[in-house]
Structure formats: structure tokens, C-alpha cells
Amino acid sequence: MNPNTTALVLIEFQNDFTTPGGSLHEAVRPVMHQTDMLAHTVELVRQARNYGVTIVHLPISFTDNYRELSRRPYGILKGVVDSNSFRQGSWGAEIVEALRPAPQDILIEGKRGLDGFVSTNLDFVLRQRGITHLALAGFLTNCCVESTMRTAYELGYQVYTLTDCTATVSEQEQRLACEKNFPMFSHPLTHTELLAHLATAEDEEIFQESRGYNR
């Protein structure tokens with residue numbers, strides 16, 4: 001895994017999910033606590049940046065009246081509307097302070113649904129930067145993370161899903177997604193396993209440079 005062709009995609013690390021007082025925080029809080037996903041993600045981002053991995057932020061947001069959606073939304077998007085979540089300009093739609101984008105990060109705008117590729121230019125940006133490997137973290141494990149994972153797999157990326165940097169609304173759904181669904185469309189890893197892959201790649205590059213192979 002070459003850090004220069006790897007992107008870490010952070011899906012919906014926004015206050016409405018991550019932070020006490022957020023409209024959906026209580027729903028995901030137990031699994032967040034169980035996996036310690038926010039602390040793990042903060043540490044992963046810090047080290048991944050140092051390795052040269054591209055950090056991509058993929059928030060979701062809507063206008064106040066949710067005019068981007070159907071007049072009669074159903075399923076998960078109905079839950080977003082009913083809870084007044086992710087409204088543009090609101091505190092709840094802001095990326096959590098601990099993961100605020102750095103100047104070198106990429107912020108993808110336009111996410112209006114579950115799949116991070118469908119209503120955004122995510123694929124265009126990744127291909128422009130020569131990205132071939134994607135590591136996915138965020139919310140909800142069995143919803144937006146999984147939807148984005150499936151499309152990334154179909155588009156030909158090497159996909160890694162981070163089991164301890166994701167959360168959803170129940171332990172059972174978290175476990176089933178990680179154990180049953182993730183292996184079908186990705187390489188499930190913990191954040192420490194991903195960092196080990198990145199460290200190995202960096203050590204190999206240093207070795208090659210020391211031997212003059214990259215000159």
C-alpha cells in the first residue's frame with residue numbers, strides 16, 4: 001500500500017453524529033463508545049497525514065427545507081429529515097472539531113444521499129490524484145460507509161474498511177456489517193493494521209532510496 005496512492009475517506013464525522021447534543025448522537029453513542037472510533041480516527045488521521053496519505057472529508061448536508069429530497073422521504077433519509085439533521089450552516093452539520101480539515105486535506109461537497117460517489121465528484125478527484133487505494137471510516141457502518149464501499153469496489157479501487165473507525169445504531173448491526181458484508185467488498189482492517197501497512201510501504205521506499213533504486 002503506497003501512501004502516495006492511498007486516500008483515507010472520512011464519512012460524516014459531523015457534530016450531529018459525533019458530539020453530545022447532536023441530533024443523532026444518542027443513537028450512535030453506544031457503538032462509538034464500544035469501538036472508540038473517534039479517538040482511533042483522530043490518531044489514524046494524524047499518522048496517515050505524516051505518511052503522505054490523502055485525507056478526504058465527505059460530509060452530508062441539506063438546505064433547511066430539505067428540498068433536495070423527495071417530498072415524502074422514507075427509510076434512513078426520512079430519519080434525517082424528521083430529526084432536522086445536517087442542515088447547511090448549522091452546528092450539527094459542521095465537521096467535529098477534532099477532525100477539522102487541515103489545509104492539505106480535500107473537502108468533498110454535494111453529498112446528499114448514502115453513497116459518497118453518487119452526488120459528488122469524489123471519483124473524479126481521486127482519479128485526478130492517482131488514488132488507487134481507499135480506506136473508509138465514519139457513519140453509519142451499514143449505511144453510508146457500506147454504500148460507498150460497494151461503489152468503490154465496483155469502480156476498481158482497492159478498498160479497506162476500518163472496523164474500529166466506524167459506528168452505527170446497534171452493536172449487532174456493527175458486528176454483522178464488519179463480519180459479513182465488509183469482507184465481500186473490501187479488506188476489513190483496524191486502524192493499527194492500516195498504519196502497519198503504511199509503515200511497511202514507507203520502510204520499503206526508504207530502503208529503495210538507500211540503494212539508489214529510485215534515482
Side-chain angles (χ1 to χ4, degrees), residues 1-22 24-25 27-60 92-108 116 122 126 129 131-146 148-149 152 157-169 171 174-175 177-179 182-183 186-206:
M1 183 187 296
N2 183 344
N4 295 324
T5 57
T6 299
L8 172 58
V9 180
L10 305 176
I11 300 171
E12 297 176 18
F13 279 90
Q14 295 161 267
N15 286 323
D16 273 336
F17 272 140
T18 60
T19 311
L24 300 172
H25 178 67
V28 298
R29 180 179 56 80
V31 177
M32 284 187 68
H33 178 75
Q34 173 202 339
T35 62
D36 201 16
M37 59 89 75
L38 185 56
H40 289 158
T41 304
V42 169
E43 178 62 17
L44 174 61
V45 169
R46 183 186 67 81
Q47 295 197 49
R49 279 200 190 106
N50 290 337
Y51 285 129
V53 170
T54 298
I55 308 299
V56 178
H57 301 266
L58 188 57
I60 190 171
E94 293 177 3
I95 294 172
V96 64
E97 180 67 33
L99 289 171
R100 285 290 173 87
Q104 68 269 33
D105 293 354
I106 293 175
L107 177 63
I108 299 293
L122 176 61
L126 295 173
R129 296 180 64 88
I131 299 299
T132 57
H133 291 59
L134 298 185
L136 306 180
F139 302 88
L140 295 169
T141 310
N142 56 337
C143 185
C144 293
V145 174
E146 186 169 319
T148 304
M149 169 194 69
Y157 293 98
Q158 286 290 315
V159 188
Y160 301 83
T161 41
L162 297 166
T163 58
D164 62 346
C165 295
T166 51
T168 188
V169 297
E171 184 279 332
Q174 176 77 14
R175 178 175 53 80
C178 292
E179 293 180 2
F182 281 5
S186 71
H187 308 284
L189 296 175
T190 65
H191 79 288
T192 53
E193 289 170 334
L194 179 66
L195 288 171
H197 282 292
L198 294 171
T200 299
E202 184 178 61
D203 290 344
E204 177 64 21
E205 184 175 357
I206 292 171

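Numbering of residues begins at 1 and proceeds along the displayed sequence. Predicted, not measured: the structure shown is a model, and the values here were computed from it.
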Can you tell me how far apart CG (Asp36) and OG1 (Thr41) are? Round to the nearest 0.5 Å. 9.0 Å

For the pair Asp164 (side chain) and His191 (backbone), establish whether a donor and an acceptor sit closer than 3.5 Å, ignoring hydrogens and angles. yes

Heavy-atom check, side chain of Glu97 versus side chain of Arg100, under 4.5 Å: yes

Beyond-backbone contact of Leu107 with Ile95, side-chain heavy atoms, under 4.5 angstrom: yes

Answer whether the closest heavy-atom distance between the side chains of Leu198 and Gln47 falls below 4.5 Å. no

I'd like to check His197 versus Leu189 (side-chain heavy atoms, cut-off strictly below 4.5 Å). Are they in contact? yes

Test of understanding: with side-chain contact (heavy atoms from CB on, under 4.5 Å), list the residues that count as partners of Gln104, not counting sequence neighbours. Arg49, Ala102

Could you please spell out the steps behind the side chain to side chain contact (heavy atoms under 4.5 Å, CB included) verdict for Phe13 and Leu38? CA-CA 9 Å; Phe13 279 90; Leu38 185 56; 4.1 Å; yes

Result of checking Thr35, Asn142, Thr141 against Thr168 for side chain to side chain donor-acceptor pair (under 3.5 Å): Asn142

Got Phe139 and Met37 here, is their nearest side-chain heavy-atom distance under 4.5 Å? yes

Can you check whether Asp16's main-chain N or O pairs, donor with acceptor, with His25's side chain at less than 3.5 Å? no

Would you please say whether a donor-acceptor pair under 3.5 Å links the side chains of Gln174 and Thr166? yes

Would you say the side-chain atoms of Gln14 pair up with the backbone N or O of Gly92, donor to acceptor, closer than 3.5 Å? no

Taking the side chain as every heavy atom from C-beta outward, state whether Leu99 and Val42 have any atom pair closer than 4.5 Å. yes

Under 4.5 Å between any side-chain heavy atoms of Leu10 and Cys165, yes or no? no

Val56 and side chain to side chain contact (heavy atoms under 4.5 Å, CB included): which partner among Asp105, Leu134, Ile108? Ile108

Measure the spacing between CZ of Arg46 and CG of Leu195 and express it to the nearest 0.5 Å. 9.0 Å

If the condition is side chain to side chain donor-acceptor pair (under 3.5 Å), which residues does Glu179 pass it with, not counting sequence neighbours? none

Under 4.5 Å between any side-chain heavy atoms of Leu126 and Tyr157, yes or no? yes

